[in-house]
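Side-chain atoms are counted along with the backbone in the values below, which use heavy atoms only and exclude waters and symmetry mates. Chain letters run A, B, ... following the sequence lines, proteins first and then strands; every chain starts at 1.
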Number of protein chains: 2
Amino acid sequence: MTAPGQGAGDPIRAPGRDRPAAIGPLSLNTVTVKERWGLADCIEGCARHGIPGISPWRDVLQAMGVAAAARQIREAGLTVTGLCRGGMFPAADAAGRAAAIEDNRRAIADAHALGAACLVMVCGGLPPGSRDLPGARAMVRDGLHTILPEARAAGVTLALEPLHPMTCADRSVLSTLAQALDLCGELGEGAGVAVDVYHVWWDPDLERQMLRARGRIAAFHVCDWLVPTTDLVFDRGMMGDGVIDIPRIRGWVEAQGFAGYSEVEIFSTGNWWQQDAREVLDTCIDRHRTAV
Amino acid sequence: MTAPGQGAGDPIRAPGRDRPAAIGPLSLNTVTVKERWGLADCIEGCARHGIPGISPWRDVLQAMGVAAAARQIREAGLTVTGLCRGGMFPAADAAGRAAAIEDNRRAIADAHALGAACLVMVCGGLPPGSRDLPGARAMVRDGLHTILPEARAAGVTLALEPLHPMTCADRSVLSTLAQALDLCGELGEGAGVAVDVYHVWWDPDLERQMLRARGRIAAFHVCDWLVPTTDLVFDRGMMGDGVIDIPRIRGWVEAQGFAGYSEVEIFSTGNWWQQDAREVLDTCIDRHRTAV
């Protein structure tokens with residue numbers, strides 16, 4: 001594609017033209033270097049590169065061991081901006097839904113052990129074989145209500161993450177910020193939202209919904225939407241390489257009082273997951289300055 | 001995937017369980033057999049298979065010639081449920097936007113010549129190199145206002161089609177039914193919406209928005225969302241092969257007074273475009289009865 005900002009004519013906006021002056025600190029979501037580094041490598045890498053935040057996925061967390069990870073993260077002086085992920089509530093039968101609740105309980109305990117700012121909730125899609133979207137949404141709501149008391153007791157904020165509508169069938173029937181904020185309002189204390197620019201940038205109602213988000217934004221995730229996008233999950237771009245006006249969305253998030261981290265979360269089998277992880281971190285740091 | 005409706009347990013809904021009793025007639029969107037048939041073949045095929053509606057794309061229409069196509073469609077007794085497509089308004093400069101307006105004028109003339117029920121508007125994405133989503137949306141609005149008088153004069157309804165948010169960057173910054181209805185309200189007479197289940201099924205606000213659509217629904221398009229979906233454009237499924245509760249959405253559409261055709265529009269490089277076109281039409285007829 002033409003690099004955004006290079007074209008001529010009035011519709012072109014220079015990248016970062018409207019960037020708010022202040023910018024929150026950077027956090028590395030471990031999936032960004034998924035095929036290169038385990039969690040211990042990520043912790044060392046963040047410390048070495050001066051990245052003050054980290055957000056582990058549970059697979060690398062389990063591989064390292066929760067206690068060892070918590071200790072090493074603490075010793076490195078890193079902030080855990082989130083744990084990915086809880087959720088995945090819908091299932092075809094009661095046993096499946098009960099297993100999901102159990103898994104969420106373990107995730108809450110892990111988030112508590114790490115002192116994570118939140119547990120990111122990827123709520124789940126349709127159960128296999130189902131076309132019942134309202135039913136799946138009811139399962140998500142039920143699941144959240146079930147685990148909320150435990151999350152509150154552990155001091156773990158459940159960060160409901162609306163996922164891009166293209167993931168509705170198999171990953172998340174929670175698709176818009178409006179929907180996430182409605183659920184937050186119903187759940188009350190202990191529930192928040194995770195705003196990922198990749199999932200919400202297209203939403204014509206985003207600016208208006210953001211006005212309802214004060215006090216609710218528990219996490220802010222960044223990456224970019226590539227043109228063309230060749231895969232529904234694994235073709236995310238580095239900030240600045242795509243078409244999302246990230247500074248505009250960051251401005252809305254900060255206008256609602258969020259002063260937290262910008263967490264870089266990139267799924268990219270074909271590009272970033274193939275790069276040297278140290279160079280990926282250097283690029284994240286650079287783009288955090290210039291394109292977020 | 002597990003065939004929808006086959007699983008056990010309470011979340012599973014049998015396909016078609018809630019199907020409204022009456023069902024509108026079938027229409028073939030020519031893209032469904034894109035790599036097999038030209039427009040003359042499609043017209044003959046519809047007549048031979050007893051499919052009473054047809055909706056051509058402009059590439060096959062131009063290849064056949066508008067006058068010849070109009071005559072043959074009329075002689076075959078087919079209803080033209082739409083012409084695909086107008087739109088694509090945003091461009092990086094004024095010359096590009098003017099060229100888009102000219103192209104839309106030709107499309108309106110073609111739709112008029114065919115006696116099409118509507119001109120389907122795929123409104124366009126971001127101009128190359130742009131991150132200015134509000135700017136692109138303004139170009140869409142401006143373009144629609146510019147061509148509307150001509151469409152009214154020709155008696156051609158502009159059917160604004162909200163496209164799935166995954167197409168926002170490069171095909172349509174018009175992403176939701178709410179947005180399309182807002183635009184309709186602003187444009188007034190001569191503007192309507194095209195409801196394609198593929199584009200809107202995920203929308204948590206769909207049922208509520210549908211209540212605003214009375215008198216505005218100019219077209220109803222059907223296909224299905226496959227799990228997994230392997231391409232953002234060219235991996236649509238045949239009705240019944242995916243996870244969309246099509247009868248539920250059809251019920252909403254009909255509850256708003258739409259008694260028109262169900263138009264089958266399937267982009268499928270890997271499957272349906274490879275099949276014998278006569279068998280594809282047979283399958284469309286069968287699934288129209290059982291899965292729409």
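The two atoms that bring Val243(B) and Ala169(A) nearest to each other are CG2-CB, 3.8 Å, heavy atoms only. Taking every heavy atom of both residues into account, Trp201(A) and Leu133(B) meet most closely at O-CD2, 3.3 Å. Counting all heavy atoms, side chain and backbone alike, Pro204(A) lies closest to Gln179(B) at CG-OE1, 3.2 Å.
For Ile244(B), the part sitting under 4.5 Å from any heavy atom of chain A is the backbone (N, CA, C, O) and nothing else. Proximity to chain B (any heavy atom under 4.5 Å) is shown, for Thr229(A), by both the backbone and the side chain. Contact annotation for Asp203(A): only backbone heavy atoms (N, CA, C, O) come within less than 4.5 Å of a heavy atom of chain B.
Side chain of Arg131(A) to backbone of Gly242(B): a donor-acceptor contact under 3.5 angstrom is found.
Contact check for Leu232(B) versus Leu232(A): side-chain heavy atoms found under the 4.5 Å cut-off. Between Cys168(B) and Trp225(A) there is no side-chain heavy-atom pair separated by less than 4.5 Å. The closest side-chain heavy-atom distance from Pro134(B) to Glu207(A) is not below 4.5 Å.
Residues of residues 160-167 of chain B having a heavy atom under 4.5 Å from any heavy atom of chain A, listed by number: His164(B), Pro165(B), Met166(B).
Residue pairs meeting the salt bridge (charged side-chain N to carboxylate O under 4.0 Å, His left out) criterion with at least one partner in residues 164-185 of chain B, sequence neighbours excluded, are Asp182(B)-Arg212(B).
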